Number of protein chains: 2
Amino acid sequence: MLYRIGEVAKRTDCKVETVRYYEQVGLLPQPYRSDSNYRLYSEEHLAQLRFIRHCRSLDMPLEDIRNLLTLREQPHEHCAEINTLVDKHIRRVNEQMASLGQLRKSLLALRGQCAGPGSSDTCEIVRELSACECHQE
Amino acid sequence: MLYRIGEVAKRTDCKVETVRYYEQVGLLPQPYRSDSNYRLYSEEHLAQLRFIRHCRSLDMPLEDIRNLLTLREQPHEHCAEINTLVDKHIRRVNEQMASLGQLRKSLLALRGQCAGPGSSDTCEIVRELSACECHQE
DNA sequence: TACAATCCCTCTAGTAACTATAGAGTCAAG
DNA sequence: CTTGACTCTATAGTTACTAGAGGGATTGTA
Ligand SMILES: [Zn+2]
Ligand SMILES: [Zn+2]
Ligand SMILES: [Zn+2]
Ligand SMILES: [Zn+2]
């Protein structure tokens with residue numbers, strides 16, 4: 001059973017262009033081709049694309065996915081490498097969360113500066129943005 | 001007192017190329033030029049660049065900063081517009097935090113799947129990534 | 001059989017916000 | 001006078017797609 005690209009895209013919840021893109025950057029092997037040069041995908045292709053899409057839904061970079069695919073191909077176990085890779089990603093996500101938390105605090109503080117219209121000549125928010133300490137000097 | 005681009009970059013903690021980039025996309029007005037065609041910046045330029053950099057440190061998109069700069073220029077108060085803009089950004093940050101939180105949960109669950117080397121033929125992490133439910137069908 | 005609506009193809013360029021080259025000119029110190 | 005640090009322009013690369021142009025293929029319907 002072979003599927004055309006539109007079918008494949010629908011089944012993996014991604015756009016046709018994205019499927020072609022994965023092929024272009026070497027994440028997805030070349031599909032078969034019909035007489036009219038249409039791409040034709042097997043179940044294996046579909047499975048690999050699902051793998052990729054699920055990794056992407058976890059926000060893994062394509063480079064990591066590439067590595068995971070290689071590890072998956074090989075017959076041996078690679079728990080160590082795989083765990084390292086996932087742990088690194090978890091660390092990235094933790095860092096992003098931390099910095100977003102900081103950001104949120106700063107933004108709320110900034111937002112609190114505005115005392116409402118009429119309270120001053122220029123909005124305190126703009127004043128704060130202009131006269132910060134961190135970017136002076 | 002006029003500053004060359006390297007000095008300006010150092011004082012605002014950004015790269016020389018970034019300063020030129022802001023000029024190119026119209027966030028920073030054209031500086032003066034020396035006889036040898038070097039960019040020369042006034043204190044006003046410096047202040048505006050600080051404004052931009054501080055907004056960027058809050059992760060505001062350049063488009064928002066452009067709008068803030070316009071609002072700042074005008075003599076009247078614009079608390080309403082400014083607050084709307086900041087609130088929208090805060091909402092974006094909140095959304096990002098929420099989705100990162102979800103992501104973290106999923107990743108930790110995935111990480112927990114690995115029972116260590118020797119426990120199975122292929123690492124459970126890879127198995128989980130291959131056989132997810134969300135990307136089937 | 002004719003025709004329209006979909007599908008698919010390749011190739012190219014655009015997105016955000018920079019970053020990094022290449023190849024050249026300028027300037028101050030030793 | 002030469003070395004090194006600075007600057008200039010113009011162009012391309014980064015990430016992971018997305019959108020479009022301009023063309024063929026397929027499918028369903030009248
Ligand atoms: Zn205000
Ligand atoms: Zn600041
Ligand atoms: Zn394992
Ligand atoms: Zn999935």
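So that the names make sense, note that chain A is the first sequence line, chain B the second, and so on, each numbered from 1. FYI, side chains are in, hydrogens and waters are out, and symmetry mates aren't considered; it's all heavy atoms of this structure. Model, not experiment: these values are computed from the prediction.
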Just the rounded figure in Å: distance from [atom2] of [N] to [atom1] of [X].
{"X": "A:Glu7", "N": "C:dT6", "atom1": "CD", "atom2": "C1'", "value": "14 Å"}
{"X": "B:Arg4", "N": "D:dC8", "atom1": "CZ", "atom2": "C1'", "value": "12 Å"}
{"X": "B:Met60", "N": "C:dC18", "atom1": "CE", "atom2": "C1'", "value": "19 Å"}
{"X": "A:Leu62", "N": "D:dC17", "atom1": "CG", "atom2": "C1'", "value": "9 Å"}
{"X": "B:Leu40", "N": "D:dC6", "atom1": "CG", "atom2": "P", "value": "16 Å"}
{"X": "B:Leu28", "N": "C:dA17", "atom1": "CG", "atom2": "C1'", "value": "15 Å"}
{"X": "A:Asp35", "N": "D:dG24", "atom1": "CG", "atom2": "C1'", "value": "14 Å"}
{"X": "B:Glu23", "N": "C:dC18", "atom1": "CD", "atom2": "C1'", "value": "15 Å"}

Mind checking [X] for me? I need base, sugar-phosphate or nothing, with any heavy atom below 4.0 Å counting as a touch.
{"X": "B:Arg39", "value": "sugar-phosphate"}
{"X": "A:Arg56", "value": "sugar-phosphate"}
{"X": "B:Arg66", "value": "nothing"}

Between A:Arg20 and A:Ser36, whichever has its closest DNA chain D nucleotide further toward 5' is A:Arg20

Any side-chain heavy atom of B:His78 sitting closer than 4.5 Å to one from A:Cys123? no

Next on the checklist: Could you tell me if the side chain of A:Leu49 sits less than 4.5 Å from the side chain of B:His135, heavy atoms only?
Outcome noted: no

Would you please confirm or rule out a distance under 4.0 Å between OP1 or OP2 of D:dA25 and any side-chain N or O of A:Arg33? no

Check: Does OP1 or OP2 of C:dA20 have a side-chain N or O of B:Lys15 closer than 4.0 Å?
Finding: yes

- request: Flag the pair A:Arg20 and A:Glu23 as a salt bridge only when some basic side-chain nitrogen lies within less than 4.0 angstrom of an acidic carboxylate oxygen.
  value: no

| query | So does A:Arg91 pair up with A:Glu95, basic N to acidic O under 4.0 Å? | reply | no

(message) Please check: side-chain N/O of A:Arg4 versus main-chain N/O of A:Val8, any donor-acceptor pairing under 3.5 Å?
(response) no

So which nucleotide from [options] ends up closest to the side chain of [X]?
{"X": "B:Asn37", "options": "D:dC17, D:dG24, D:dT9", "value": "D:dT9"}
{"X": "B:Tyr21", "options": "D:dC17, C:dC18, C:dA20", "value": "C:dC18"}
{"X": "A:Tyr38", "options": "D:dT26, C:dA20, D:dT18", "value": "D:dT26"}
{"X": "B:Ile5", "options": "C:dA20, D:dT7, D:dA25", "value": "D:dT7"}

Ranking B:Arg53 and B:Ser34 by the position along DNA chain C of their nearest nucleotide, the one closer to 5' is B:Arg53

